[in-house]
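All values reported here derive from a predicted model rather than from experimental measurement. So you know, we letter chains A, B, ... as the sequences are listed, proteins then strands, and number each from 1.
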Amino acid sequence: MERITKEQIRHVANLARLELKEEEIAHFGEQLDDIIDAAEQLNELSTDNVEPTSHVIDVRNVMREDKTKPSLSNEDAMRNVPETEKGQVRVPSVLE
Amino acid sequence: MEAFDYSLKELHEQLVNKETTIEKLVRQSFDRIKEVDEKVGAFLTLDEENAIARAKDLDKQLENGELDEGNILFGLPVGIKDNMVTKGLRTTAASKILENFVPVHDATVVEKLRDAGTVTVGKLNMDEFAMGSSNENSAYKIVHNPWHLDYVPGGSSGGSAAAVAAREVPFALGSDTGGSVRQPASYCGVVGLKPTYGRVSRFGLIAFASSLDQIGPMTTSVEDNAYVLQKIAGHDERDSTSAHVEVPDYLAALTGEVKGLRIGVPKEYLGEGVSEGVREKVVEALEVLKELGAEWEEVSIPHAKYSLSAYYMLASSEASSNLARFDGIRYGVRHTGDNLIDTYKKSRSEGFGDEVKRRIMLGTFALSSGYYDAYYLKAQKVRTLIKQDFEDLFLKYDVIIGPTAPTTAFKLGEAVDDPMTMYVNDILTNQINLAGVPAISVPCGLSEGLPVGLQIIGKHFDEATVFRVAHAYEQATEHHLEKPQFKGGADS
């Protein structure tokens with residue numbers, strides 16, 4: 001237990017752009033501790049000479065010609081944007 | 001008989017022989033949904049008006065003799081899991097953050113089905129962003145198992161499995177990252193396939209774990225399943241991980257012949273944690289296959305016990321990255337804060353449910369500086385060992401068989417806030433995603449009134465053999481003909 005401190009949970013939440021309440025920090029902290037504790041089991045295995053698998057089938061870089069094709073209209077692209085202005089995405093200020 | 005007690009081929013013949021019309025079939029689907037879905041909760045969004053208009057159009061094509069008789073799916077109603085985008089039809093992935101999201105394009109599978117002439121009746125409930133094994137993580141409503149309404153339908157494609165089991169639609173699409181098609185198929189007594197990774201395009205599938213996700217058909221028979229895979233499989237230039245591998249004639253594979261077939265049965269799949277009722281049904285199924293001329297022997301998947309941890313590390317890591325796009329800026333629900341970062345945080349914290357937050361946190365942790373090698377890279381290396389276990393077995397065996405899930409469906413509410421207990425549901429399915437091989441779940445009987453699923457696993461891109469074995473077994477038994485009785489619920 002206590003593999004992960006509350007401070008770490010706050011740090012990870014910030015990286016993940018999540019705002020957690022105090023009770024969530026405690027609750028998730030305990031649960032993540034359990035999950036990570038179980039994952040320690042993987043250390044039983046020696047994997048020094050094992051290549052990692054990121055994709056199970058042989059996938060190489062897939063290239064295509066850099067040609068323009070029909071794409072979404074501005075109207076369609078903006079259809080789901082919560083706040084727009086003159087056909088653009090409106091966001092809160094980035095710089096103070 | 002109910003409208004959808006018929007096979008897809010029989011429904012097609014009814015259309016060809018003018019015993020029914022597409023409009024009638026589509027209306028029958030909506031009638032059935034109105035009759036039972038209040039109890040089942042399989043659908044999140046219905047598209048009745050458009051579906052009936054499309055049915056009328058397709059009926060006109062039929063009248064004009066524009067029917068390709070080889071195209072079995074023409075005019076048939078279908079339900080789509082709500083993590084596949086449908087142009088003009090709300091797609092939420094069962095999350096609050098996409099409550100108002102109306103896609104501007106179709107997923108490739110949706111486009112392919114539409115080109116085949118199917119009629120989408122609506123979008124199916126699921127665990128939020130496909131994260132869950134009970135469908136209790138939907139932000140909107142839970143799904144009840146049609147066999148017994150007090151039990152979970154499984155997840156994350158619980159709505160798809162329940163809708164097919166309850167005969168609300170003759171077939172549906174689900175998606176499977178760690179068992180999300182097969183486990184609910186098992187719990188609801190239907191047929192569910194996870195194809196080989198790369199067999200079906202993922203374009204337009206809202207990504208959970210991109211190296212594991214596959215879309216698969218959910219049906220009431222193996223033959224129906226083969227018809228659907230035939231239509232949705234194949235390379236797609238919009239998904240560069242979809243494979244350039246020829247799609248064979250899956251229907252031609254359904255020969256009923258399994259003489260001399262070599263079956264490996266991993267001892268880990270019938271060992272500790274697997275309930276007696278499930279074990280019994282699986283052993284009975286193996287005896288059926290033996291009588292049909294197949295041979296089976298016990299084998300081992302040495303790294304099987306490590307798959308659960310490796311899977312949750314990898315799937316959560318990929319999820320934390322994939323779900324970064326949901327920030328309330330370009331689509332979805334925005335909760336405005338004091339500045340941009342604050343807006344991201346508010347939108348995501350209001351928009352995501354607990355299980356999604358938990359997995360994003362786990363994945364972000366596993367990928368964070370100082371922990372990457374110990375958790376993420378370690379899990380990727382263990383993935384290699386698990387994949388090798390399967391490759392070794394397939395040198396000697398044609399298929400690997402075991403149960404789909406260690407138990408039958410459990411009661412609603414039993415495991416909802418206990419992640420480790422919930423995760424164990426995937427223990428027999430998630431290693432198949434890690435290895436990338438195809439696997440199907442077919443009904444193999446009831447244990448205490450609830451369905452048990454038999455899992456048949458094949459070599460990479462060898463869905464044909466998986467179908468052949470599943471079909472031979474199904475034709476020799478009558479388990480797939482048993483239907484749910486909607487026991488339990490508030491009335492009981």
Next item on the list: Side chain from CB out, backbone as N, CA, C, O: work out which of these in B/T384 comes under 4.5 Å of a heavy atom of chain A, or both, or neither.
Entry: both

Check: In terms of heavy-atom pairs under 4.5 Å, which option from A/R64, A/Q8, A/Q41 contacts chain B the most?
Finding: A/Q41

Check: Using a heavy-atom distance cut-off of less than 4.5 Å, which residues of residues 71-79 of chain A contact chain B?
Finding: A/L72, A/D76, A/R79

Next item on the list: Measure B/S240 against the heavy atoms of chain A and call it side chain, backbone, both or neither at under 4.5 Å.
Entry: both

Margin query: Using heavy-atom distances under 4.5 Å, tell me whether A/H27 contacts chain B through its side chain, its backbone, both, or neither.
Written below: side chain

Next item on the list: Kindly write out the residues that satisfy side chain to side chain contact (heavy atoms under 4.5 Å, CB included) with B/V247, not counting sequence neighbours, or none if the list is empty.
Entry: B/R199, B/Q230, B/A233, B/Y250

Check: Do the non-hydrogen side-chain atoms of B/N339 and A/V94 ever get within less than 4.5 Å of each other?
Finding: no

Notebook entry, point to check: What part of A/R90 is in contact with chain B, defined as an atom under 4.5 angstrom from a non-hydrogen atom: side chain, backbone, both or neither?
Noted result: backbone

Checklist line | Contact residues of residues 12-22 of chain A (partner chain B; heavy-atom separation under 4.5 angstrom) | finding: A/V12, A/A13, A/N14, A/L15, A/A16, A/R17, A/L18, A/E19, A/L20

Next item on the list: Report the residues that fulfil ring-ring contact (aromatic ring centres under 6.0 Å, His included) with B/F394, sequence neighbours left out, ordered by chain and then residue number.
Entry: none

Notebook entry, point to check: Which bit of B/D327 comes within less than 4.5 Å of chain A, counting heavy atoms only: side chain, backbone, both or neither?
Noted result: neither

Next item on the list: Determine whether B/T241 and A/H55 make a side-chain contact, defined as any pair of heavy atoms from C-beta on separated by less than 4.5 Å.
Entry: yes

Check: Would you call B/E237 and A/K69 a salt bridge, taking side-chain N to carboxylate O under 4.0 Å as the test?
Finding: yes

Note to self: Report which part of B/A435 has an atom under 4.5 Å of a heavy atom belonging to chain A: side chain, backbone, both, or neither.
What the structure shows: backbone

Note to self: Between B/K381 and A/E51, does any NZ, NE, NH1 or NH2 come within less than 4.0 Å of an OD or OE carboxylate oxygen?
What the structure shows: no

